[in-house]
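A, B, ... follow the sequence lines: proteins, then strands. Residue 1 opens every chain.
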Amino acid sequence: MSSFKSISGTFDILPEGHTSGGDSIAPSRIWQHAEAAIRKVMGMYGAEEIRTPILEPTELISRGIGQLTDIVSKEMFAFERGDTHYVLRPEVTAPVMRAYQQHHLDQKGGVQRLFYIGPCFRAERPQKGRYRQFHQFGLEIIGATDARADAETIACAVDVYRELGLNDFTIRLNSLGDSESRPRYKEALIAYITPFADQLSEVSRNRLETNPMRILDTKIEKEREMLRGAPILADFLDDESRQHHEEVKAHLTSIGLTFQDDPFLVRGLDYYSRTAFEIESDSLGAQGSLAGGGRYDLLSLELGAKQIIPAVGFAAGMERLIMALDAANLIDIPSPRLDAFIVALGDAALSWTFPMAHSLRENGIKVGYDLKGRSMKAQMREASRQNAKFVIIVGEDELVAGAAQVKDMDQSSQRSVPFDQLASQLTN
RNA sequence: GUGGUCGUAGCUCAGUUGGUUAGAGCGCCAGGUUGUGGCCCUGGAGGUCGGGGGUUCAAGACCCCUCGAUCACCCCA
């Protein structure tokens, strides 16, 4: 046994799955199952995959997400070598926008629909549904201001969950306004909250200075009560944002998606403007947020573009998705069957096994055999354990006859099949 | 960063008010069947009882420290 183990907040994904403490890590085939559904749905939206590096310049993330956000101020895995500051990406939106600008994807004309699946890193204390290396998938629609793009983003996320059979989630929606209306709202909010300042928690009091809108997110009951009479962002929206928000809602309604209009929904990343949304599982625990996203027209400028590149997107957690699947009993995916397992007896048969297995595999037959030189009983048991459909038995007699005994493991029936007919007999 | 809970076999867990060689089920290996899986029977391997220190004639049990895991706060996917 190794004295090493995976770093806290990270985990291995094994063929059979396992429990890591109280949390269960699904088998790799469940991850593949979920990823296949994601790829399928993304395909329906005409989105193509983008893969960006896990390592990014720190500056990209801090400028993109915002210096004062928790992600940047305390949750980044960052280091430097020489003059370069590196960070393990904590999310993928800023890297995608970086790639879009770097490769001048706007010059291709039209709108880019890009999706991704991959690991992200945040130096948080791990807990259920929250890891230091976790996996996100998401869609970014870049180059469109049309409210249909916002609605489409939400619809796409929802379609992924539905494709996998999940239906118990809630969509919360808000508009954060634009760079004009938001400051006006912030002022009003500060004016409203300041008289209560001495009753606030320390975090909230700090936020009053740095990022007052995040106080809206508070879960402290006393503060929520205090906020009951607070000014509502919706009342401060500029006409265009208001119009845009109405359109997004109308589009969602037009495809029968129900949502909660939540004026207190604020996202933890600074780059959002106008549309912000969150999809929450109804059956998960504290970490029930399945996906989040919104419009981030201003991110492009933050990253150095000369003009606004409008964009909307969502990011979703693979771990949360799988947790939700698990909670809904939707991860009962059987492992793939072996078509044939070769049982060999005697040295001559043992060496015959290798080229025969190879030849069957070339014919598209999934073949396994014992590599430990074990007894026939043990080989049969192994075949059974691997759920092989057929067992090919070869010993001295079969080598002489040039025909193997082929046993149908489900029927328990057995017949003799000439070596040169094994491939064709096993394929039908 | 803060708080709670928990560390005994590969896994899930028993282990009396401290008392000899630490147990069960499942899994694994072998035999029962000299060439036939599942079911059954028999046997076996596998443990520095997370680590260190202390109390005691005696510690898996009690005390302290430490490491780890986990849940929650915070935050987010």
Side-chain angles (χ1 to χ4, degrees), chain A residues 1 3 5-9 11 14 16-24 65 69-75 90-93 116-138 157 201-204 206-207 211 214 217-220 266-269 278-281 284-293 313-324 341 343-346 349 370 372 374-398 404-414:
Chain A
M1 200 164 85
S3 50
K5 49 184 173 179
S6 55
I7 284 171
S8 173
F11 55 87
L14 306 177
E16 282 315 311
H18 63 293
T19 52
S20 129
D23 222 358
S24 72
I65 300 180
T69 60
D70 288 315
I71 294 177
V72 169
S73 62
K74 57 180 196 191
E75 296 170 3
E91 55 102 55
V92 193
T93 298
Y116 58 82
I117 308 177
C120 294
F121 303 82
R122 290 182 200 174
E124 302 179 277
R125 253 312 235 284
Q127 75 188 63
K128 190 176 183 62
R130 194 178 76 182
Y131 300 92
R132 291 186 163 181
Q133 174 175 341
F134 59 105
H135 301 78
Q136 285 197 343
F137 66 95
S201 65
E202 201 186 316
V203 228
S204 290
N206 285 336
R207 281 189 182 144
N211 197 349
R214 300 229 12 96
D217 245 3
T218 185
K219 283 168 189 161
I220 302 170
V266 184
R267 311 232 64 244
L269 296 81
E278 205 163 305
I279 301 178
E280 267 173 58
S281 164
L284 257 37
Q287 309 299 329
S289 179
L290 290 173
F314 80 84
M318 286 294 295
E319 287 77 8
R320 307 257 170 105
L321 167 59
I322 290 174
M323 277 167 67
F341 189 95
V343 169
L345 301 153
D370 175 59
K372 294 176 80 173
R374 288 187 287 187
S375 70
M376 180 173 197
K377 185 190 178 86
Q379 293 185 61
M380 289 299 294
R381 203 166 39 229
E382 187 62 33
S384 198
R385 194 162 27 217
Q386 295 198 31
N387 201 16
K389 289 184 199 135
F390 294 96
V391 164
I392 299 168
I393 302 166
V394 176
E396 302 295 335
D397 299 347
E398 286 75 16
Q405 291 295 316
V406 173
K407 178 168 186 173
D408 183 321
M409 293 295 272
D410 296 332
Q411 314 279 322
S412 266
S413 61
Q414 192 166 313

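- Looking at residues two or more places apart in sequence or on another chain, you find a side-chain hydrogen bond (donor to acceptor under 3.5 Å, both in side chains) between A:Gln414 and A:Gln405.
- The nearest whole Å value for the distance from the CD atom in A:Glu16 to the P atom in B:G27 is 14 Å.
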Which atom pairs, one a donor and one an acceptor, fall under 3.5 Å between side chains of residues 377-385 of chain A and the rest of the protein, sequence neighbours left out?
unit_1, atom_1, unit_2, atom_2, d
A:Gln379, OE1, A:Ala344, N, 2.9
A:Gln379, NE2, A:Ala344, O, 2.9
A:Gln379, NE2, A:Arg374, O, 3.0
A:Glu382, OE1, A:Arg374, NH2, 3.1
A:Glu382, OE1, A:Arg385, NH2, 2.7
A:Glu382, OE2, A:Gln386, NE2, 2.8

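- A straight line from CZ of A:Arg125 to P of B:G68 spans 10 Å, rounded to a whole angstrom.
- Computed from coordinates, the A:Ile322 CD1 to B:A77 C1' distance equals 12 Å when rounded to whole Å.
- Legend: residues meeting side chain to side chain contact (heavy atoms under 4.5 Å, CB included) with A:Val72, ordered by chain and number and at least two apart, are A:Ile61, A:Ser62, A:Ile65, A:Gln67, A:Thr69, A:Met76.
- For B:U48 and B:C11, the P atoms lie 12 Å apart once the distance is rounded to whole Å.
- For A:Asn387, the side chain to side chain contact (heavy atoms under 4.5 Å, CB included) criterion is met by A:Arg337, not counting sequence neighbours.
- Nearest nucleotide to the A:Lys74 side chain, out of B:C74, B:A77, B:C73: B:C74.
- Separating the CE atom of A:Met323 from the C1' atom of B:U70 is a distance of 13 Å, rounded to the nearest angstrom.
- Computed from coordinates, the A:Gln136 CD to B:A77 P distance equals 6 Å when rounded to whole Å.
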Close N/O contacts between protein and nucleotides 4-6 of chain B (under 3.5 Å):
none

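- Nucleic acid contact class of A:Arg122 (heavy atoms, under 4.0 Å, all strands): base.
- Residues A:Leu321 and A:Phe137 form a side-chain contact, since some pair of their non-hydrogen atoms from C-beta on lies under 4.5 Å apart.
- Rounded to whole Å, the distance from OH on A:Tyr131 to C1' on B:C75 is 16 Å.
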**OP:** Scan nucleotides 32-49 of chain B nucleotide by nucleotide, 5' to 3', and note B when protein non-hydrogen atoms come under 4.0 Å of the base, S if they reach only the sugar-phosphate, - if neither.
**Re:** B--BBBB-----------
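- Considering only side-chain N and O atoms, A:Ser8 lies under 4.0 angstrom from the phosphate OP1 or OP2 of B:A69.
- Taking atom P in both B:G1 and B:A58, one finds a spacing of 40 Å when rounded to whole Å.
- For the pair A:Phe121 CZ and B:C75 P, the computed distance is 24 Å after rounding to whole Å.
- Applying the side chain to side chain contact (heavy atoms under 4.5 Å, CB included) rule to A:Ser6 yields the partners A:Thr10, A:Asp12; only residues at least two apart in sequence or on another chain are considered.
- Comparing the P positions of B:C41 and B:G47 gives an interatomic distance of 26 Å, to the nearest angstrom.
- For the pair A:Asp408 and A:Val391, the minimum side-chain heavy-atom distance is 4.5 Å or more.
- In this structure, A:Glu319 and A:Arg130 have side chains that are not in contact, with every pair of non-hydrogen atoms separated by 4.5 Å or more.
- When the C1' atom is used for both B:U12 and B:U66, the distance is 28 Å, rounded to whole Å.
- Residue A:Ala383 is classed as having no contact, given no heavy-atom separation below 4.0 Å to the nucleic acid.
- Taking side-chain N and O atoms only, A:Gln127 has a distance below 4.0 Å to OP1 or OP2 of B:A72.
- Remark: the separation of the P atoms in B:G44 and B:U8 is 25 Å, to the nearest Å.
- Qualifying side chain to side chain contact (heavy atoms under 4.5 Å, CB included) partners for A:Ser281, counting only residues two or more places apart in sequence or in other chains: A:Ser283, A:Leu284, A:Leu290.
- Closest contact between the side chain of A:Lys5 and the listed nucleotides B:G68, B:G31, B:A72 involves B:G68.
- Taking atom P on both nucleotides, B:A9 is separated from B:A24 by 14 Å, rounded to a whole Å.
- Rounded to a whole Å, the CZ atom of A:Phe11 is 17 Å from the P atom of B:A77.
- As rounded to the nearest Å, B:C57 and B:C73 have P atoms that lie 48 Å from one another.
- The residue A:Leu321 sits apart from the nucleic acid: no heavy atom pair falls under 4.0 Å.
- Mapping A:Ala316 and A:Ser6 onto RNA chain B via the closest heavy atom, the residue that lands nearer the 5' end is A:Ser6.
- The side-chain hydrogen bond (donor to acceptor under 3.5 Å, both in side chains) test applied to A:Glu280 returns A:Arg172, not counting sequence neighbours.
- The six-membered or imidazole ring of A:Tyr131 lies near that of A:Phe11, with a centre-to-centre distance under 6.0 Å.
- The side-chain hydrogen bond (donor to acceptor under 3.5 Å, both in side chains) search around A:Glu75 returns none, not counting sequence neighbours.
- With hydrogens and angles ignored, a donor-acceptor pair closer than 3.5 Å exists between the side chain of A:Arg130 and the base of B:C75.
- For A:Arg132 and A:Glu124, the salt-bridge test fails: no basic side-chain N is under 4.0 Å from an acidic carboxylate O.
- In RNA chain B, runs of at least 3 consecutive Watson-Crick or G-U pairs, each pair with both distances below 3.5 Å, span B:1-7 with B:67-73, B:10-13 with B:23-26, B:28-32 with B:40-44, B:50-54 with B:62-66.
- Using atom P as the reference point in both B:U2 and B:C13, the two lie 29 Å apart (nearest Å).
- No donor-acceptor pair under 3.5 Å is formed between the side chain of A:Arg122 and the backbone N or O of A:Gln133.
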